[in-house]
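Taking it in order: structure first as structure tokens, then the write-up.
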Amino acid sequence: SAGRRRAVSPASVAAAFVLLVGCAVDPSEAPRLEAREDYLIGEAPDVRGDQLRPGAAYTVEAERTDRFGRRWVSTAVFEADELGRIALNRRPPTQGSYAGADPFGLLWSMRMPDPPGDEWRAPPPKDVETVAFSLTEDGQVLASVTTRQWIVPPSARSEAAGGDVVADVFLPANLDAPAPAILLLGGSGGGNGWASRTGAQFAERGYVAMALSYFRSDGLPEHLAQIPLEYVDGALDQFIARPDVDAKRLGVMGYSKGAELALLLASRRPDVAAVVAVAPGSAVFQGFKPPKYPVVSSWTLAGKDVPFVPNAYDDKFFETYDGMYLWYRTLDQHDAMTAAAIPVENIQGDILLLSGVEDRIWPSTLMAEQIIGRLHVAEFAHAATHLAYPNAGHGIAEPPGTPTTTVAEQLGGTAAGNAAARRDGWAAITDFFDARFKGS
């Protein structure tokens with residue numbers, strides 16, 4: 001969004017613009033296509049064409065090989081300006097897989113021409129994805145360039161937390177003094193995949209980040225049910241005891257069920273000075289433990305269930321399996337919601353909430369507004385902001401620059417809406433922490 005400051009990573013500083021010229025007799029007059037050779041997720045590849053015929057139409061095609069080896073493609077047609085140039089970050093396409101001037105347009109609008117079948121199992125992910133761009137006219141390739149987008153920065157350093165804590169700790173390069181710290185909590189998928197990717201991004205920005213797994217990892221519960229809060233407390237205590245962590249500059253960020261946990265944790269821990277909750281829950285809800293789905297809390301404290309809202313199953317749900325129908329019924333249990341509401345007014349720091357209005361997983365926009373309402377009634381002493389993104393769904397907790405087409409199909413919103421939410425939301429998140437912990 002306009003006016004936001006973008007951090008320059010070592011990868012982007014070192015990256016040179018590369019050039020690959022198509023077949024021509026005189027290279028000085030050949031059409032050219034330029035892009036960053038290396039860039040981080042969240043940074044634009046800065047694709048530009050030059051030495052083109054003014055007013056002529058050219059097609060730019062993009063092909064990605066993602067970190068799981070899958071192929072994605074997108075395309076857009078551009079009209080060269082009066083100087084014979086096109087710049088994707090300034091010029092809208094006349095047609096193609098996206099509309100409007102957008103430096104990330106060819107990235108988020110990609111689709112898989114041959115999606116894997118139901119039997120496909122994801123291989124171990126790579127840290128980098130390749131994106132090839134080609135410039136064509138009338139079906140003839142005039143120039144092309146291959147780039148690398150780093151999902152995990154190449155300079156990222158990490159180490160296991162150790163002890164009984166299942167977590168990775170990501171460290172900034174050239175760390176010579178205690179740094180601000182962020183604890184990251186992923187959602188109902190378990191493990192720490194999202195938390196680790198996000199932690200690496202924060203380390204690139206000068207933070208020490210802990211990506212904590214609290215279920216579905218070796219030595220941890222298999223299901224998101226009755227997770228002891230003492231485990232999370234212990235992980236946080238271990239984190240802030242590190243000599244490279246400035247415990248007075250401690251933030252927590254959670255996504256989905258991890259956002260529920262982040263808010264619950266911060267309401268109990270006065271040492272947490274800032275909280276980001278993406279697609280948050282406003283109360284503690286029933287745990288998820290198939291196949292019998294016992295009516296138990298997601299969390300425990302001192303061996304007892306934390307008060308929770310039970311799922312409001314009925315015959316219609318088991319006929320339709322309409323998840324949003326179930327969630328609205330669940331939220332309509334007034335007494336249970338009152339008893340299980342997260343006491344966010346106890347948080348001793350600023351709060352940033354982000355949601356997609358068309359969230360298909362749970363009503364995160366409604367619940368974020370419930371949180372804001374509770375804070376307003378309590379005359380909350382700190383800043384609390386809710387960014388609700390139209391045409392976006394549940395999948396907004398990533399930096400911009402990767403496809404959002406399947407994200408929209410599976411998690412709600414449109415591909416363009418989710419892309420816009422990721423772009424603005426990631427800038428809002430990084431600005432939020434930087435302003436509180438770096439004074440910038």
Side-chain angles (χ1 to χ4, degrees), residues 4-13 40-43 152-153 155-162 165 167-186 192 194-212 232-255 258-259 261-263 265-278 347-354 381-385 397-399 425-440:
R4 295 200 187 278
R5 183 181 302 168
R6 179 167 65 84
V8 179
S9 68
S12 62
V13 171
L40 300 180
I41 182 176
E43 297 178 333
V152 175
S155 61
R157 298 187 298 134
S158 66
E159 57 188 47
V165 175
D168 292 320
V169 178
F170 291 85
L171 304 168
N174 304 316
L175 184 62
D176 55 7
I182 300 176
L183 176 70
L184 294 150
L185 301 165
N192 62 358
W194 169 84
S196 290
R197 295 194 305 275
T198 308
Q201 293 290 325
F202 276 114
E204 189 77 2
R205 300 182 63 87
Y207 293 85
V208 179
M210 173 182 274
L212 178 65
V232 185
D233 281 331
L236 185 57
D237 289 338
Q238 180 176 315
F239 184 39
I240 62 178
R242 293 176 59 97
D244 47 20
V245 164
D246 182 351
K248 294 182 179 179
R249 293 185 289 169
L250 173 64
V252 177
M253 177 175 171
Y255 173 35
L261 177 57
L263 292 165
L265 176 67
S267 73
R268 303 172 50 255
R269 296 286 302 242
D271 47 358
V272 174
V275 184
V276 171
V278 184
I347 294 174
Q348 299 299 304
D350 295 345
I351 301 171
L352 175 63
L353 310 173
L354 300 93
H382 305 278
T385 303
E398 301 275 357
W426 181 247
I429 290 165
T430 54
D431 283 357
F432 174 82
F433 282 126
D434 286 354
R436 283 144 189 85
F437 296 146
K438 297 182 179 180
S440 60

Distance, nearest 0.5 Å, that separates [atom1] of [X] from [atom2] of [Y]:
{"X": "Asp168", "Y": "Arg197", "atom1": "CG", "atom2": "CZ", "answer": "12.5 Å"}
{"X": "Leu352", "Y": "Leu354", "atom1": "CG", "atom2": "CG", "answer": "4.5 Å"}
{"X": "Ile351", "Y": "Leu263", "atom1": "CD1", "atom2": "CG", "answer": "6.5 Å"}
{"X": "Thr198", "Y": "Asn192", "atom1": "OG1", "atom2": "CG", "answer": "10.5 Å"}
{"X": "Arg205", "Y": "Ile182", "atom1": "CZ", "atom2": "CD1", "answer": "9.0 Å"}
{"X": "Leu250", "Y": "Leu183", "atom1": "CG", "atom2": "CG", "answer": "7.5 Å"}

TODO: For Asp237, enumerate each residue passing the salt bridge (charged side-chain N to carboxylate O under 4.0 Å, His left out) test, keeping only those at least two apart in sequence or located in another chain.
DONE: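 Asp237 satisfies salt bridge (charged side-chain N to carboxylate O under 4.0 Å, His left out) with Arg269 once adjacent residues are dropped.
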TODO: Return the set of residues passing salt bridge (charged side-chain N to carboxylate O under 4.0 Å, His left out) with Arg157 (not counting sequence neighbours), or none when no residue passes.
DONE: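 By the salt bridge (charged side-chain N to carboxylate O under 4.0 Å, His left out) rule, Arg157 matches no residue at all.
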- [ ] For the pair Trp194 and Tyr255, name the ring-plane relationship: parallel under 30°, tilted 30 to 60°, perpendicular over 60°.
- [x]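 Ring orientation, 0 to 90° scale: tilted.
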TODO: Name the orientation class of the two ring planes belonging to Phe202 and Trp426 (parallel below 30°, tilted from 30 to 60°, perpendicular beyond 60°).
DONE: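 The rings of Phe202 and Trp426 sit tilted, inter-plane angle from 30° to 60°.
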TODO: Mind checking ring-ring contact (aromatic ring centres under 6.0 Å, His included) for Phe170 and listing every partner two or more places apart, or none if nothing turns up?
DONE: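 Checked Phe170 against ring-ring contact (aromatic ring centres under 6.0 Å, His included); zero matches.
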Could you pull out the closest heavy-atom pair between [X] and [Y], with the gap in Å?
{"X": "Ala200", "Y": "Ala156", "result": "CB-CB, 4.3 Å"}
{"X": "Phe432", "Y": "Asp350", "result": "CZ-O, 3.6 Å"}
{"X": "Pro243", "Y": "Pro178", "result": "O-CG, 3.6 Å"}
{"X": "Gln238", "Y": "Ala161", "result": "NE2-O, 2.8 Å"}
{"X": "Pro153", "Y": "Glu204", "result": "CB-OE1, 3.3 Å"}
{"X": "Leu184", "Y": "Ala195", "result": "CD1-O, 3.6 Å"}

Task: Check ion pair Lys248-Asp246 (N to O, under 4.0 angstrom) - done: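 Asp246 and Lys248: not salt-bridged.
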TODO: Determine the sole option in Val278, Val275, Leu185 for which the side chain to side chain contact (heavy atoms under 4.5 Å, CB included) test with Met253 is passed.
DONE: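 For Met253, the side chain to side chain contact (heavy atoms under 4.5 Å, CB included) check succeeds only for Val278.
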Task: Heavy-atom donor-acceptor pair, Tyr207 side chain to Gly251 backbone, under 3.5 Å - done: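 Not a single qualifying donor-acceptor pair exists.
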